[in-house]
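Count residues from 1 along the sequence. Please read all numbers here as calculations on a predicted model, not as lab measurements. Order of listing sets the numbers, starting from 1, for every ligand and every atom in it.
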Amino acid sequence: MEKILVIGAAGQIGSELVLSLRKIHGSNNVFATDIKQAPNDVIESGPFETLDVMDDKRLIHFVIRHKITQIYHLAAVLSGNAEKLPLQAWHINMQSLMNILDLAKVVDDVKKVFWPSSIAVFGKTTPKINTPQLTVTEPNTVYGISKLAGERWCEYFYNRYNVDVRSIRYPGLISYKTEAGGGTTDYAVEIFYEAILRGKYECFLKKNTTLPMMFMKDAIDATINLMEAPAKKISIHSSYNVGGISFAPKDVANEIKKRIPNFKITYKPDFRQAIAKTWPESIDDSLSCKEWNCNTKYNLSKLTDTMLNGIKEKFNN
Ligand code: AKB
């Protein structure tokens, strides 16, 4: 029987991943944890506890007490917020991962670890179109540097201590269940909320800034497909490319206008434009799709319908 610990269960990925994992493994076998209160559906559908991944002693006590077999470590400071507090963000993003990897090395019950990397590991010297799995990675953001270092540590712990840690370089993730959390790609979440609530949106990126994105359901499915794949199928122990769909602010604005004709968008680039400029426009994820089936089901039209309907329903409730 798997006993799964999700760290960061109140966050954009964690709040949806918990629900999907509970459907597969049974509600009482998936322990949701965070330093802040999780959404009601997470708290009401199974165990939730306050747990700080930076507290290594409480963390190992929790893992041993509950006989945890898999850990999903989803807590991190995202790109925009990380630039405001560089050293604190570096410390949180790195020390939290080291706590998890070191624990997985010594606690025999822990068989698998998942940790999210990001397209942020790529920099301005990386090929921007169809970015390869193995390529130049020279990030110049705190978040990207921490994710690149994290990938190196994941591969080290696999090679040196046989820790089965798996990872995906997520593109920008889009969902309506939780509000945006300080990422450069989060304009693609805010725009839907603002379209419904105010009929207009001031975008902090330039209109032609194309980035790889993915609807959260596709990201959750990819994560579970990777974690369920037989170990012998896994050849990458740093982090896998996942491509999703690529679009720019003007593209998503046009999709919204088809559904909300009076929607107005303006553009006022801020510091996050400089971050976005260093990231790829599209990703080659052929290896991921070959090794563990990372197929994307949501195109921009379906994503737009789902986001607008989901937000309307959320506010109606
Ligand atoms: C961010 O924008 O910081 C994140 C990411 C691309 O990893 N959403």
Tell me the salt bridge (charged side-chain N to carboxylate O under 4.0 Å, His left out) pairs involving residues 5-32, sequence neighbours left out? none

Classify the angle between the aromatic ring planes of Phe31 and Phe62 as parallel (below 30°), tilted (30 to 60°) or perpendicular (above 60°). perpendicular

Return the orientation label for the Phe247 and Tyr187 ring planes: parallel under 30°, perpendicular over 60°, tilted otherwise. perpendicular

Sequence neighbours excluded, which residues qualify as salt bridge (Lys or Arg N to Asp or Glu O under 4.0 Å) partners of Asp305? Arg259

Residues lining ligand 1 [heavy-atom distance under 4.0 Å, listed by chain and residue number]: Leu78, Ser79, Ser118, Ile119, Tyr143, Gly183, Thr184, Thr185, Trp279

So CD1 of Ile224 and CG of Asn293: to nearest 0.5 Å the spacing works out to 12.5 Å

Ser286: what forms a side chain to side chain donor-acceptor pair (under 3.5 Å) with it, not counting sequence neighbours? Asp284

